Amino acid sequence: MNFLVDLEGFEGPMDLLLSLAREQKVDLMEISILELANQYLDFVNELDSRDIEIAADYLVMAAWLAYLKSKLLLPNEEEEPGAEEMAAILAFRLRRLEAMRDAGNNLMNRNRIGEKVFRRGMPENSVTIRNYTQKDSMFDLIKSYSEIRNRNYVVNWSPKALPILSMEEAKNRLESMIGISLEWTNFLDFLPNSKDSSETAIAYRRSSAASIFSVSLEMSKQGKIEINQNKNFGSIRIKYKESEEIKDNKEISA
Amino acid sequence: MRKQAGNIGDINLDSNNQLRVIEAILFASSDPVDKKTLSEKLPNDADIDNLIAKLEDLYEGRGMELKKVGNKYIFKTSSDLSFIMQRESNSQRKLSRAAIETLSIIAYHQPATRAEIEEIRGVSVSPGTIDTLMQMNWIKIKGRRKVPGNPLTYGTTEEFLVHFDLECIKDLPDMRELKSMGLLDNNLPPDLYPENSINDDNVAQIDDITINEESGEL
Amino acid sequence: MRKQAGNIGDINLDSNNQLRVIEAILFASSDPVDKKTLSEKLPNDADIDNLIAKLEDLYEGRGMELKKVGNKYIFKTSSDLSFIMQRESNSQRKLSRAAIETLSIIAYHQPATRAEIEEIRGVSVSPGTIDTLMQMNWIKIKGRRKVPGNPLTYGTTEEFLVHFDLECIKDLPDMRELKSMGLLDNNLPPDLYPENSINDDNVAQIDDITINEESGEL
């Protein structure tokens with residue numbers, strides 16, 4: 001036998017076995033497994049004698065085949081599984097591998113796309129036309145508008161200062177004016193003088209009246225002025241009281 | 001282009017098979033094919049022009065047609081069947097918040113300039129927003145305001161009325177109605193509408209109204 | 001959701017134009033097209049099967065032929081023109097023997113796990129092999145085998161059928177013979193392995209077969 005081939009060309013022990021089996025030049029159905037085992041072992045020994053490194057799985061197969069060979073030569077019916085059966089399984093596996101190898105080659109020789117037959121070279125892709133339906137409703141529109149107005153109202157609206165006479169101003173005014181009016185005087189006469197009949201002026205007069213009246217009550221409580229009113233809804237009059245107060249205080253202390 | 005093994009020029013191919021070959025080549029090619037390329041696959045004595053004419057006839061009235069592009073040939077879907085290459089997709093969408101706000105301001109204040117819209121919104125209006133609304137054909141340019149810079153004014157379109165199911169722009173709820181609907185704060189002053197708003201009888205004519213500065217302050 | 005342009009279902013298209021429509025769709029596509037896609041562009045009462053039969057007749061003896069792939073259809077150049085059309089496959093990588101064997105094992109044994117491929121070849125599958133076949137779009141992951149470890153199973157793709165000119169997996173060369181010889185059983189044939197009587201007729205059902213650990217040891 002010619003062992004010029006090393007293991008480089010084989011894809012594992014099954015591949016090697018299959019190629020050795022082909023050397024028997026018989027149908028795999030009728031192959032002699034005993035002979036095949038011998039071929040394999042010879043092959044491996046030959047490589048070994050030439051110091052060629054042998055991969056572990058080839059050695060495992062060699063060991064298994066050596067075991068199979070010994071069983072085939074010395075049949076022992078009590079052992080399980082039997083040697084014949086083991087040989088049949090190996091033969092089956094070789095046939096199966098060969099079948100798949102042949103099938104692969106047959107596939108590659110078919111009328112393959114891009115080699116012997118061709119598909120459409122310039123496919124036309126479909127164009128998608130997108131239609132959108134706007135879902136915005138009337139409510140969205142007016143709600144949006146209202147939100148803008150509400151939002152910006154809070155931020156930007158500054159109320160106009162109302163025309164008022166503050167309590168502070170009213171007190172100053174009354175204190176400075178009461179000193180020169182020792183007679184009973186209608187409290188309305190202490191209001192800022194205005195003939196203006198505009199809405200603003202009227203509002204200011206109302207505010208002044210309220211302020212002056214409040215201040216006069218306060219000053220009366222402090223005993224600085226006297227207040228009198230002759231009848232319900234009559235004019236409210238005030239006058240300065242300081243001198244009498246002082247006199248009273250003197251009388252009490254005396 | 002590669003010349004095929006087997007010296008095709010000498011091959012014995014009857015004219016029907018010649019026709020089949022150029023049909024197959026044109027079908028499979030990813031680019032338009034010229035006569036020279038076709039003839040490379042045919043016997044030397046093949047009559048290319050005649051074959052192409054025959055092929056054109058064969059596809060007359062079929063789903064595909066042989067078209068000449070420059071001096072090259074391609075198969076294309078017959079133009080009357082272009083609809084089969086179209087797919088339509090329908091989906092619903094809504095305007096962005098910026099867009100609906102801008103639209104609502106234009107609706108209530110038209111004709112309105114961009115500056116006016118920004119003043120009312122309190123935020124600047126991006127150029128895309130106006131473009132979007134114009135593209136949707138909901139707003140249009142109404143004219144120019146006669147103020148320095150002559151800015152464009154915008155108003156709503158017929159399409160806008162149709163979409164929002166309004167007969168005319170005055171059918172939009174007014175301030176009082178918005179308040180009664182609870183949308184507008186009750187304490188908002190009643191004079192929120194600028195004077196140049198939709199309260200004007202003829203929307204088309206208010207184009208040249210001077211901006212009311214007071215109303216802008218609100 | 002997709003709706004077709006112009007409500008084609010209601011379109012009035014005579015049977016010649018129906019034929020033109022499916023011709024154009026199939027001609028324009030480089031991938032197989034199923035009947036459903038074709039019918040979307042046809043009136044509701046169109047007889048698709050009849051139209052396809054007519055189209056097949058129309059292209060009888062032409063440069064292209066209509067081929068069935070699974071339940072889809074595709075035009076390809078006629079195989080008898082291959083001697084002229086043939087190109088050297090410079091684009092297609094020359095597949096290694098390992099890849100070809102792996103492909104045929106997956107094709108004939110699908111769904112197949114990596115362990116099953118290795119068991120048949122008697123050698124481990126290199127990582128690149130499966131990747132290469134997946135990249136060529138010839139194989140795909142089919143699922144997982146219901147055995148400990150839940151390994152992935154592989155099967156062939158539609159592109160595999162198109163590429164190798166097969167209508168379906170059953171049309172693989174010698175499928176029937178290989179099967180009757182028991183060469184496609186994942187397990188050793190029952191007559192070789194008396195205690196294991198599995199002999200599935202249906203390749204598709206072997207999905208959940210337990211891998212025979214014993215046979216893996218060889």
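Predicted model only: the values in this text are computed from it and were never measured. Letters A, B, ... are given to chains in the order of the sequence lines, protein chains preceding strands, and every chain is numbered from 1.
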Between [X] and [Y], a side-chain donor and acceptor under 3.5 Å:
X	Y	answer
B/S79	B/S82	no
B/T129	B/T132	no
B/Y59	B/E23	yes

Can you tell me which of B/I22, B/L26, B/V21 forms the most heavy-atom pairs within a distance under 4.5 Å of chain C?
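Counting heavy-atom pairs under 4.5 Å, the top option is B/V21.
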For chain B, the option from C/S78, C/G61, C/A28 that forms the most heavy-atom pairs under 4.5 Å
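Sorted descending by pairs with chain B, the first entry is C/G61.
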Can you say whether C/I25 sits under 4.5 Å from chain B via the side chain, the backbone, both, or neither, judging by heavy atoms?
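Both the backbone and the side chain of C/I25 come within 4.5 Å of chain B.
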C/L58 versus chain B, the contacting section by heavy-atom distance below 4.5 Å:
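Just its side chain gets close to chain B.
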Can you confirm whether C/L152 sits close enough to C/R114 that some side-chain heavy atom of one is under 4.5 Å from a side-chain heavy atom of the other?
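The answer is no; the side chains never approach within 4.5 Å.
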